[in-house]
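Here is the structure we will look at, set down as structure tokens.
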Amino acid sequence: MSSVDLVLRGGLLLLPSGHAVGDVAILDGKIVAVGLFEGEAAREIDCSGLALMPGAIDTQVHFREPGLTHKEDLESGTRAAICGGVTTIFEMPNTDPTTTTAEALRDKLERAEGRAWCDFAFFVGASKENIADLPLLEMMPGTPGVKMFMGSSTGTLLVDDDDSVREVMTHGVRPMPVHSEDEARLRQRKAELPENPHVRLHPDARDAESARLCTERLINLVRETGRPTHILHISTKEELPLLAAAKAEGLPVTCEVTPHHLTLNADRYEELGSLIQMNPPVRSEDHRLAIWQAVKDGLFDVFGSDHAPHTREEKAKPYPNSPSGMPGVQTLLPLMVDWALRGEIPLDQVVAMLSANPAKLYGIEGKGSLAPGFDADIVVWDLEGSREVSPDWLQSKCGWSPYEGTRLRGRIEHVFVRGHHAVQDGQLTGTPQGAMVRFDWK
Ligand code: DOR
């Protein structure tokens, strides 16, 4: 090899095989060498004292474009992503209009072109009306597949009864992420709320049984249909044995946990109110601790942010009219690295659950590893440094984070997307260079 475009020199490489000090050489957006690189390079960056990991892949974000762009748009959402070390996002279909047709998917892909700071793909939403189209829709370029809401949340997407869910599951083959809360129980519980309820009742309104019941129904349908199913944002201790048993049985079930459910608990409703109202809810400490134990036991496949921004004005509406969801794409990787640097979880597990695992789960082409042949999506960390979650760092259009004022261990110094420098010395740089994700799904 004569000359490469860029060498990241002398950093600590967080490789699946272990940690080693070495160089990463990049040519035409790909990693071409890992280890001691002695060839010529057009540009070098000294990474001594810094740690290199593959860019994070956030497989659950809501970026609100089209239709709800006062909350977020594809430019601001991907900008928040890149500043938090997320180099690939999968965006959810509960926009306005919903992403339930080929036309709506193409529209999102066109909108992202030239405006996205990180690489992107868009889920198609399952609805009772588009079931027959799903096998074709899930194979379109630019989608990781089909997302199904079994409990209603922000927006109109809903497939709630077993017959319709079964139909969705048999109309397609790719791993399908599911929002698992039992709609009938949610409706019944909501109707039983007292007058002028406080948001601290949110985990009762959408109670643990709503999640457990739905996850049980869903796992039974996986057993019946064989459809690979990815259960999103697990929030209860009661779902954990169901998931463990499904995996032990060899069912094609995978699951996600969010940093919110690992970091926040129900005591925080007093201080943060509806800012931390999300679906499924942030629950009591016993749930949080049980979910942490399951992370340590290796039950969960991926971390996802469920970045779901709403404005402060919207959040200020009295519960239950306050919308559910909070931003999180920018804090996803920093929060989990902070947990790792506090000794709660091995750093390698964080890297695996945010890079290699999502890449494998969804069959992403060329991403998820610091290895020759892979896209040069790289995050360079000062693990000795720290960063406050401050308004001037946050990029989401919604303008707030439940973690504001928190100082997190570790500091992102550089981020590269296919070799393009997007964050330099902790600051956004360059222009949006995001591209459509490719899948080697067969
Ligand atoms: O709290 C949530 N907000 N949960 C979801 O599933 C959707 C999201 C949103 O889009 O606002």
Side-chain angles (χ1 to χ4, degrees), residues 58-74 76-77 80 89-100 108 122-127 146-160 176-183 186 190 199 201-203 205-207 210-211 214-215 218 230-236 239 255-261 263-264 266 268-269 272-283 304-315 317 319-329 331-332 396-398 400-402:
D58 188 351
T59 49
Q60 194 190 174
V61 303
H62 303 264
F63 282 168
R64 310 303 193 197
E65 183 174 347
L68 302 159
T69 51
H70 64 287
K71 300 176 197 273
E72 194 75 282
D73 61 38
L74 290 170
S76 61
I89 56 95
F90 291 177
E91 207 264 347
M92 287 296 168
N94 57 335
T95 41
D96 185 13
T98 54
T99 323
T100 43
K108 276 195 177 175
F122 299 102
F123 281 108
V124 168
S127 75
V146 172
K147 151 87 181 272
M148 176 166 63
F149 283 89
M150 285 176 73
S152 49
S153 192
T154 302
T156 54
L157 286 172
L158 182 65
V159 182
D160 52 347
M176 180 164 63
V178 179
H179 181 120
S180 175
E181 287 183 285
D182 187 87
E183 179 65 13
L186 293 181
K190 192 170 179 193
V199 67
L201 293 182
H202 193 53
R206 302 182 78 113
D207 69 350
S210 308
C214 195
T215 293
L218 186 55
H230 180 56
I231 310 182
L232 297 170
H233 41 43
I234 296 298
S235 65
T236 72
E239 290 165 283
C255 50
E256 176 202 71
V257 60
T258 76
H260 303 318
H261 291 108
T263 308
L264 304 168
R268 306 292 300 278
Y269 288 114
L272 293 165
S274 62
L275 290 183
I276 61 162
Q277 174 192 336
M278 70 173 292
N279 302 333
V282 167
R283 302 187 190 278
S305 74
D306 192 11
H307 177 84
H310 300 282
T311 64
R312 279 187 188 276
E313 293 70 37
E314 291 164 334
K315 281 290 197 180
K317 290 183 191 167
Y319 180 79
N321 296 324
S322 42
S324 291
M326 55 186 140
V329 70
T331 46
L332 167 72
S396 170
K397 218 187 230 192
C398 76
W400 59 274
S401 158

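Remember, it's 1-based here, ligands and their atoms both numbered in the order they're listed. Throughout, residue positions are numbered sequentially from 1 according to the sequence presented.
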For a quick check under 3.5 Å, do [X] and [Y] share a side-chain donor-acceptor pair by atom type?
X	Y	result
His233	Asn279	no
Asn94	His62	yes
Glu72	Ser76	yes

Check your understanding: Atom OG1 in Thr154, atom CZ in Phe149: separation rounded to 0.5 Å?
Key ->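 The distance works out to 7.5 Å.
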Review point. Taking atom CG of Asp160 and atom CE of Met150, what is their separation to the nearest 0.5 Å?
Key: 8.0 Å
Within a distance under 4.0 Å of any heavy atom of [X], pick out the atoms of ligand 1 and give their elements.
X	answer
Arg64	9 (C), 10 (O), 11 (O)
Met278	1 (O)
His62	7 (C), 8 (C), 10 (O)
His310	11 (O)
Thr154	3 (N), 8 (C), 9 (C), 10 (O), 11 (O)
Phe149	6 (O)

Review point. Hey, would you say the Tyr319 and His202 ring centroids sit under 6.0 Å apart?
Key: yes
Review point. What protein heavy atom sits nearest atom 4 (N) of ligand 1, and how far off is it?
Key: Asn279 O, 2.9 Å
Practice item. For ligand 1, find out whether one of its N or O atoms is nearer than 3.5 Å to an N or O atom of Ser324. Key: yes
Practice item. Please determine if Glu91 and Lys108 form a salt bridge, counting it only when a charged side-chain N lies under 4.0 Å from a carboxylate O. Key: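 Yes.
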**Study point:** Which segment of Met326 sits under 4.0 Å of ligand 1 when only heavy atoms are counted
**Key:** neither
Check your understanding: Relative to atom 7 (C) of ligand 1, which among Gly325, Ala308, Gly155, Ser153 owns the nearest non-hydrogen atom?
Key -> Ser153
